[in-house]
2 protein chains.
Amino acid sequence: MKEIDCAISALRSKNIRPSIARIKILEYLSHTTAHPTVEVIYHSLLPEIPTLSKATVYKTMSLLVEAGLARLLYGEDCEAHYDANISDHGHFQCTRCGRIYDFTVDLDNLEAEGLEGFTVVEKNIFFRGACPRCLSD
Amino acid sequence: MKEIDCAISALRSKNIRPSIARIKILEYLSHTTAHPTVEVIYHSLLPEIPTLSKATVYKTMSLLVEAGLARLLYGEDCEAHYDANISDHGHFQCTRCGRIYDFTVDLDNLEAEGLEGFTVVEKNIFFRGACPRCLSD
DNA sequence: TTTCGTGCAAATTATTTGCACTCCC
DNA sequence: GGGAGTGCAAATAATTTGCACGAAA
């Protein structure tokens with residue numbers, strides 16, 4: 001199956017109408033490993049879709065993330081969150097209330113493939129889901 | 001040792017002059033687990049330091065992160081990065097060139113403590129350091 | 001025909017910067 | 001006095017929103 005048909009059926013399976021912008025964006029996302037920003041997606045597709053606007057890319061990306069066809073690296077919001085606990089530990093963000101919790105994790109024994117030749121300085125682990133406080137409501 | 005002295009000596013050890021804003025921000029960061037944003041830090045300290053400005057909080061936070069006294073959750077920039085690869089995998093960002101690489105990781109066997117009662121929907125792992133391309137320069 | 005997707009522009013929010021003022025060494 | 005830290009306001013950057021038009025069901 002061609003990539004474009006792949007994108008179309010992926011959209012259909014989520015009940016998202018396969019418009020030109022949606023198809024092209026999903027197709028572009030699928031064959032790149034560059035983890036592009038909205039800016040990058042916009043400029044990459046502009047030659048192909050000269051009428052494309054950034055607002056459409058933003059709207060399409062939220063749609064795709066909500067449908068589970070794409071994921072957002074880092075947090076939900078674009079605000080920077082800080083932490084003075086420098087030791088390796090994990091963060092859990094509740095998608096309902098937005099609260100962030102720490103948890104303990106052993107990152108030394110983590111098996112990672114594909115990092116040969118890389119110097120790792122910092123390890124972050126980030127989970128999302130629902131916290132007990134919200135689950136009990 | 002009192003918390004405030006803790007903060008002062010931490011700053012001194014990094015050759016950062018312990019000004020009132022820096023001490024208070026570091027102290028605040030150290031005894032909270034809420035992973036505050038600049039906005040939150042600013043409003044929490046405003047009663048204590050009525051002359052505080054957000055610009056100072058921003059400047060102080062970059063300083064603390066650079067010195068290794070605090071860490072920034074999520075990426076370096078506040079731009080959202082997207083990925084159509086939904087399977088669990090890790091991301092590595094090179095702090096020199098900014099490129100993001102994927103790597104394979106087995107998150108199922110990860111031992112996490114402190115997540116009893118949580119429903120985990122999504123797992124992200126995020127490393128930072130230097131990539132081979134930059135290391136060979 | 002009615003709903004949905006798009007594009008523009010304006011609004012909002014997050015962050016950075018330039019500069020003047022002040023406060024210690 | 002001079003460099004450093006701060007605060008204000010303006011500038012920039014990222015993202016969201018409102019609205020009108022055109023295309024598709």
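Throughout, a chain's letter reflects where its sequence line sits, starting with A, and its residues are numbered from 1.
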When rounded to whole Å, the CZ to P distance for the pair A:Arg22 and C:dC4 reads 10 Å
Atom-pair distance (CG on B:Leu45; P on D:dT6), nearest Å: 12 Å
Tell me the interatomic distance from B:Ile16, atom CD1, to D:dG5, atom P, rounded to whole angstroms. 9 Å
Nucleotides 18-25 of chain C: which of its N/O atoms have a protein N/O under 3.5 Å away?
residue: C:dG18; atom: O6; partner: B:Lys59; partner atom: NZ; Å: 3.3

Would you say the side-chain atoms of B:Thr32 pair up with the backbone N or O of B:Tyr28, donor to acceptor, closer than 3.5 Å? no
Would you check if B:Arg22 and B:Ser19 make a side-chain contact, meaning some heavy-atom pair closer than 4.5 Å? yes
Got a sec, which residues hit salt bridge (charged side-chain N to carboxylate O under 4.0 Å, His left out) with B:Lys54, two or more places apart in sequence or on another chain? B:Glu39
Under-4.0 Å side-chain N/O to phosphate OP1/OP2 contact, A:Ser53 with C:dC8: no
Can you check the A:Met61 CE to D:dA14 P distance for me, whole Å? 16 Å
Can you check whether A:Asp5's main-chain N or O pairs, donor with acceptor, with A:Ser9's side chain at less than 3.5 Å? yes
Return no unless some side-chain N or O of B:Tyr58 is found under 4.0 Å from OP1 or OP2 of C:dT15. yes
Rounding to a whole Å, what distance do you find between B:Asn15:CG and D:dA4:P? 13 Å
Determine yes or no for a side-chain-to-main-chain donor-acceptor pair under 3.5 angstrom, with A:Thr56 supplying the side chain and A:Leu52 the backbone. no
What closest approach, in Å, do A:Glu113 and B:Phe103 show between heavy atoms, and which atom pair accounts for it? O-CB, 3.3 Å
Considering all heavy atoms of both residues, which atom of A:Val105 and which atom of A:Gly90 are nearest to each other, and what is their separation? CG1-N, 3.9 Å
What integer distance in Å separates B:Lys54:NZ from D:dC8:C1'? 14 Å
For C:dT6 and A:Ser19 - does any side-chain N or O of the residue sit under 4.0 Å from the phosphate oxygens OP1/OP2? yes
Starting at CD1 of A:Ile25 and ending at P of C:dG5, how long is that distance when rounded to a whole Å? 13 Å
In whole Å, what is the span from the OH atom of A:Tyr42 to the P atom of C:dT6? 14 Å
